[in-house]
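The basis for the numbers below is simple: all heavy atoms, side chains too, and nothing from hydrogens, waters or symmetry mates. Indexing begins at 1, ligand by ligand and atom by atom, following the structure's order.
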Amino acid sequence: MALRTITVLGATGSIGRSTAALLEGGGYAVEALVAGRDAVALAAQARTLRAKLAVVADEAALPALRDALAGSGIEAAGGENAVLEAAARPVDWTMAAIVGAAGLASTLAALKRGGTLALANKESLVCAGPIVLEAARASGATLLPVDSEHNAIFQAMVGAAPDAIEKIVLTASGGPFRNASLAEMRAATPEAAVKHPVWSMGAKISVDSASMFNKGLEMIEAARLFPVTPDQIEVLIHPQSAVHGLVQYRDGSILAQLGSPDMRTPIAHTLAWPARMDVAVPRLDLAALARLEFFAPDTIRFPALRLCREALVAGGAAPCVLNAANEVAVALFLARKLGFLDIAAVVEETLTELSHLPVPDLPSVLAADAAARESATRIAARRAAA
Ligand code: NAD
Ligand code: MG
């Protein structure tokens with residue numbers, strides 16, 4: 001039997017490395033691995049996985065990639081077009097794990113080609129949901145959610161008729177500032193914000209977890225993926241991160257998916273789907289855990305939840321504008337040029353300026369994204385100077 005062919009977009013990141021760990025078990029033919037600019041890590045991964053092609057989005061990193069691949073027989077390429085060409089190569093399974101709206105074009109290229117797309121890159125669904133879903137529908141591609149909450153809900157929804165569903169619940173660990181005061185949050189450093197109590201993740205999503213923008217983006221992601229309206233999506237703080245998502249049905253039944261907080265489980269679910277594969281993650285020990293707690297989130301300290309819900313209900317350009325403004329604000333916060341609480345303030349002000357923009361097609365989504373980045377940069381500079 002021919003080996004399943006695989007491409008990983010965002011291969012050197014947190015999700016990309018967890019994916020590579022599963023692929024190392026063998027039984028796959030890796031077509032392409034794509035990263036931003038970390039040429040050395042990408043080349044090492046390409047050698048281990050015997051990939052055919054390795055691509056860096058940043059062309060300036062191509063000479064380093066070529067050096068690191070010398071003598072391996074692995075093809076090297078660089079630049080945005082090379083990323084799209086790699087994403088469009090026919091394979092059975094693609095992991096979309098580039099961070100941010102930067103992953104949108106390659107997510108679309110992979111979907112247009114067909115096959116299975118394991119989607120970790122939630123920002124592409126947030127900023128261009130209808131376009132991403134239409135690309136999947138048109139090609140007949142299978143879109144499987146990797147985000148742990150959505151993967152959990154997908155599993156708990158198998159075989160359900162849409163009208164049987166009453167609501168879905170996304171759980172959130174609460175992040176590093178779950179019990180912090182507003183004063184502590186105002187003074188928070190990037191080091192404190194990325195120090196997640198449960199999950200080990202990339203810097204951007206770690207800050208999003210601290211601000212709860214991650215859960216807000218996930219509400220929008222859930223509204224795209226599942227047959228629910230915004231008022232059927234609930235968020236609960238669950239510090240143990242054992243229950244990842246729940247589906248409540250009309251008859252009062254609640255189905256949930258539980259597991260260790262380790263992304264290899266949801267990634268493996270999408271890799272083996274509809275079958276299951278062996279994964280050597282620590283098993284959830286419920287007796288050792290003893291308690292599962294759930295709390296309503298605090299929307300005063302975490303305005304991100306309100307902003308994301310408002311953007312979801314408003315529709316149009318609002319989710320795209322919100323996502324772009326958040327990306328800009330998070331990058332400035334990580335560079336120590338913006339306070340932690342200013343992230344939500346910058347997003348809110350950018351939304352007020354731009355959420356009316358029409359977004360009927362991809363060029364207008366990209367234009368709204370660019371306009372939001374410009375506004376957010378200006379608004380953040382003004383706040384930082386104040
Ligand atoms: P990360 O920062 O660890 O990795 C990002 C990857 O994308 C790296 O390989 C980087 O080189 C690459 N990249 C960055 N910019 C690029 C560009 N312009 N072009 C091509 N490649 C580029 O991020 P992560 O934590 O792995 O998250 C990746 C995505 O998965 C995000 O959308 C995140 O929200 C989502 N996600 C992550 C987790 C997690 O546990 N880390 C869980 C759920 C969802
Ligand atoms: Mg998640």
Side-chain angles (χ1 to χ4, degrees), residues 7-21 32-46 54-61 65 77-87 95-107 109-110 118-127 145-154 170-175 194 196 198-209 212-222 225 235 238 241 243-245 257 259-267 270 323 326-327 330-331 334:
T7 285
V8 184
L9 308 169
T12 55
S14 168
I15 293 288
R17 291 192 308 273
S18 292
T19 306
L33 299 175
V34 173
R37 55 173 61 94
D38 23 9
V40 172
L42 180 66
Q45 216 181 35
V55 182
V56 277
D58 182 354
E59 240 172 322
L65 181 64
E80 295 297 328
N81 281 333
V83 171
L84 295 185
E85 192 269 334
M95 165 56 75
I98 291 174
V99 59
L104 173 59
S106 54
T107 295
L119 185 68
N121 175 225
K122 68 190 86 187
E123 295 91 345
S124 61
L125 261 187
V126 171
C127 77
V146 171
D147 214 347
S148 55
E149 300 75 6
H150 306 72
N151 185 269
I153 288 165
F154 181 86
L170 306 169
T171 57
S173 69
V194 300
H196 198 276
V198 187
W199 297 92
S200 151
M201 310 180 287
K204 192 261 176 181
I205 184 176
S206 296
V207 175
D208 284 348
S209 298
M212 302 262 324
F213 264 105
N214 183 49
K215 212 50 54 182
L217 296 174
E218 288 181 356
M219 286 186 336
I220 302 174
E221 181 185 13
L225 288 170
V235 169
H238 168 47
S241 294
V243 180
H244 302 302
Q257 186 262 3
S260 294
D262 187 315
M263 288 306 293
R264 284 175 296 174
T265 294
I267 296 168
T270 67
N323 176 66
N326 180 54
E327 285 189 31
V330 169
L334 286 171

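- Ranking the protein heavy atoms by distance from atom 16 (C) of ligand 1 puts Ile98 CG2, 3.7 Å first.
- Distance check, rounded to the nearest 0.5 Å: CG of Leu9 to CE of Met95 gives 9.5 Å.
- The minimum heavy-atom distance linking Ser106 with Ile98 is given by the pair OG-CD1, 3.6 Å.
- Taking the side chain as every heavy atom from C-beta outward, Thr107 and Leu125 never approach each other to under 4.5 Å.
- Ligand 1 has an N or O atom lying under 3.5 Å from an N or O atom of Ser14, backbone or side chain.
- For Lys204, the closest heavy-atom approach to ligand 1 does not fall below 4.0 Å.
- Ligand-side atoms of ligand 1 in range of Ile205: 25 (O), 33 (C), 34 (O), 36 (N), 37 (C), 38 (C), 42 (C), 43 (C), 44 (C), range being under 4.0 angstrom from any heavy atom.
- Per residue Asp147, closest N, O or S atom to the Mg ion (ligand 2): atom name OD1.
- Only one option out of His244, Glu218, Glu221 pairs with His150 in a side chain to side chain donor-acceptor pair (under 3.5 Å); it is Glu221.
- Pairing each heavy atom of Ala32 with each of Ala86, the nearest pair is CB-CB, 4.1 Å.
- Within Glu218, OE2 is the N, O or S atom that lies nearest to the Mg ion (ligand 2).
- Pairing each heavy atom of Asn151 with each of Val146, the nearest pair is CB-O, 4.0 Å.
- Counting protein heavy atoms only, atom 14 (C) of ligand 1 is closest to Val99 CG1, 4.0 Å.
- The nearest protein atom to atom 38 (C) of ligand 1, hydrogens excluded, is given as Ile15 CD1, 3.4 Å; this is a heavy-atom distance.
- The atom name of the N/O/S atom in Glu149 closest to the Mg ion (ligand 2) is OE1.
- Although no hydrogens or angles enter the test, the distance criterion places a donor-acceptor pair under 3.5 Å between the side chain of Lys215 and the main chain of Thr171.
- Nearest protein neighbour of atom 9 (O) of ligand 1, counting heavy atoms only, is Thr12 OG1, 2.7 Å.
- Shown in contact with Met263 at under 4.0 Å from a heavy atom are these atoms of ligand 1, numbered in order with element: 40 (O), 42 (C), 43 (C).
- Of all atoms in ligand 1, numbered sequentially from 1 with element shown, those under 4.0 Å from a heavy atom of Asp38 are 11 (O).
- The distance criterion of under 3.5 Å between nitrogen or oxygen atoms is not met by Gly16 with respect to ligand 1.
- Atom 19 (N) of ligand 1 has as its closest protein heavy atom Ala57 CB, 3.2 Å.
- For the atom pair CG of Asp208 and CG of Asn326, the computed distance is 4.5 Å after rounding to the nearest 0.5 Å.
- Numbered from 1 in the order shown, with element, the atoms of ligand 1 that lie under 4.0 Å from a heavy atom of Ala102 read 18 (N).
- Given atom 28 (C) of ligand 1, the protein heavy atom at minimum distance is Ala97 O, 3.4 Å.
- Proximity of Asp147 to ligand 1 is established by a heavy-atom distance of less than 4.0 Å.
- Ligand 1 has an N or O atom lying under 3.5 Å from an N or O atom of Glu123, backbone or side chain.
- Shown here for Ser209 and His196, the closest heavy-atom pair between the two residues is CB-CD2, 3.6 Å.
- Looking only at protein heavy atoms, the nearest one to atom 11 (O) of ligand 1 is Gly36 N, 2.8 Å.
- Not a single donor-acceptor pair under 3.5 Å links the side chain of Asp58 to the backbone N or O of Gly36.
- Among all heavy-atom pairs drawn from Gly16 and Ala97, the shortest one is N-CB, 4.4 Å.
- Nearest heavy atom pair, residue Gly100 against residue Asn121, reads O-ND2, 2.9 Å.
- Of the charged side-chain nitrogens involved, none lies within less than 4.0 Å of a carboxylate oxygen, so that Glu149 and Lys122 do not count as a salt-bridged pair.
- Two residues are said to be in side-chain contact when any heavy atoms from C-beta on lie closer than 4.5 Å; Trp199 and Ser148 meet this criterion.
- Taking atom 35 (C) of ligand 1 as the reference point, the nearest protein heavy-atom neighbour is Ala120 O, 3.0 Å.
- Residue Gly202 has at least one nitrogen or oxygen atom sitting less than 3.5 Å from a nitrogen or oxygen atom of ligand 1, judged on distance alone.
- Heavy-atom contacts of Ala11 reach the following atoms of ligand 1: 9 (O) (cutoff under 4.0 Å).
- Here's the thing with Gly13: one of its N/O atoms is less than 3.5 angstrom from an N/O atom of ligand 1.
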